[in-house]
Every structure is written in structure tokens, then in C-alpha cells.
Amino acid sequence: QVQLVESGGGLVQAGGSLRLSCTASGRTFSIYAMGWFRQAPGKEREFVAAITWSWGRTFYADSVKGRFTISRDNAKNTVYLQMNSLKPEDTAVYYCAADLSSPLRTDANEYDYWGQGTQVTVSS
């Protein structure tokens, strides 16, 4: 089992920045990759970014490329999502997830463990 706890959400004005954190515990040695997803009201959960646990290879959704950065600190078992130049359309509940299998994936159904989510609200 892997447990994930997110933090760092909040309310920010358009153009501002937030950093989300996700700390993993339990069988963290089994994690292949960590991903961030988001879900806005009335919409499907969508992929934001992912990073491989060992090598730090990253992948981003086109909608956030150049504005968001995913990183990890293996010593702290923590993954970060630095979000800059935020837009109102970035408003959503953000979830981190752990994938135990390769390759690096964007499909939420492929991820094995999920955090509880943290709200990000961007005002115009």
C-alpha cells in the first residue's frame, strides 16, 4: 500500500503562482511514477504532469507546458507541482497519484493510488 497526502492548494489571482506538494508513505519503493491530475466541476479528471520516481523523466499536458513544473525529492518521498502564470481555467481539485508500473502514463485509470485532492482556485 502507498498513501499519498497533498497540500499547498488555495486561492490565487490570475497570473500568480502556487506550489503543490504530495508526500508518499508506505511501500514507496514500489512506485514507478507520480502524476498530477485535476478535475474541474462537471468535467472529467484530466492529466496535468507526471515524473518517474527514479530517473526524474517528466511529461506535461499541452495546456500547462511552460507554466507548470513537476519535480521530486526522493529523500523526502515528495513530489511537487510548481504552478506559475495561473489562469482561471486552472481552477480545479488537484490530485496526486502513484503508478507502480512503467511506462510513464497519462491515463488516470492506470494509476494505482490516489491522494485526497487539494483545491486550487484562480480568480480573474
Side-chain angles (χ1 to χ4, degrees):
Q1 292 279 351
V2 174
Q3 295 79 40
L4 303 173
V5 178
E6 301 107 332
S7 62
L11 173 64
V12 65
Q13 287 189 330
S17 299
L18 280 175
R19 189 177 80 156
L20 305 182
S21 300
C22 174
T23 299
S25 60
R27 298 171 64 87
T28 58
F29 60 86
S30 64
I31 297 173
Y32 173 78
M34 296 286 291
W36 284 98
F37 293 78
R38 65 187 182 187
Q39 188 166 19
K43 294 190 175 182
E44 298 280 322
R45 189 169 298 190
E46 66 171 354
F47 171 78
V48 175
I51 186 167
T52 59
W53 200 242
S54 295
W55 297 101
R57 188 166 74 92
T58 60
F59 188 76
Y60 296 91
D62 287 342
S63 59
V64 306
K65 204 173 292 183
R67 299 189 298 123
F68 291 11
T69 302
I70 189 171
S71 61
R72 89 267 190 251
D73 184 333
N74 293 66
K76 295 182 179 179
N77 287 332
T78 299
V79 172
Y80 304 98
L81 186 68
Q82 178 66 43
M83 304 185 295
N84 299 329
S85 302
L86 282 161
K87 305 174 181 179
E89 51 263 44
D90 294 317
T91 295
V93 177
Y94 282 70
Y95 297 89
C96 73
D99 189 353
L100 305 186
S101 304
S102 62
L104 196 60
R105 294 184 279 208
T106 62
D107 184 350
N109 293 318
E110 301 289 351
Y111 282 71
D112 300 284
Y113 296 98
W114 291 83
Q116 81 286 356
T118 185
Q119 177 71 45
V120 171
T121 303
V122 184
S123 62
S124 56

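Residues: numbered from 1 along the sequence shown. Keep in mind the model is a prediction, meaning the values are calculated, not measured.
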- Task: May I ask you to test the Val93-Thr118 pair for a side-chain heavy-atom distance under 4.5 Å?
- Result: no
- Can you find a heavy atom in the side chain of Arg67 that is under 4.5 Å from one in the side chain of Met83? no
Do [X] and [Y] share a hydrophobic cluster (ILVMFWY, side-chain heavy atoms under 4.5 Å, transitive)?
| X | Y | answer |
| --- | --- | --- |
| Tyr80 | Phe37 | no |
| Tyr32 | Tyr113 | no |
| Phe47 | Phe68 | no |
| Leu100 | Trp114 | no |
| Tyr95 | Leu81 | no |

- Message: Using a strict threshold of under 4.0 Å (side-chain N to carboxylate O), is an ion pair present between Lys65 and Asp62?
- Response: yes
- Value rounded to 0.5 Å, distance of CD in Gln119 from CZ in Arg38: 12.0 Å
Can any side-chain N or O of [X] pair as donor or acceptor with the backbone N or O of [Y] at less than 3.5 Å?
| X | Y | result |
| --- | --- | --- |
| Glu6 | Cys96 | yes |
| Ser124 | Pro88 | no |
| Thr91 | Val122 | yes |
| Arg72 | Ser54 | yes |

- If you take all heavy atoms of Ala33 and Leu104, which pair is closest and at what distance? CB-CD1, 3.6 Å
- Message: List the residues meeting ring pair (Phe, Tyr, Trp, His ring centres under 6.0 Å) with Trp53, not counting sequence neighbours, and say none if there are none.
- Response: none
- Message: If you count every heavy atom of other residues, nucleotides or ligands that lies below 6.0 Å from Gln1 atom CD, does the total exceed 12?
- Response: no
- Query: Does a side chain donor of either Thr23 or Asn77 reach within less than 3.5 Å of an acceptor in the other side chain?
  - Reply: no
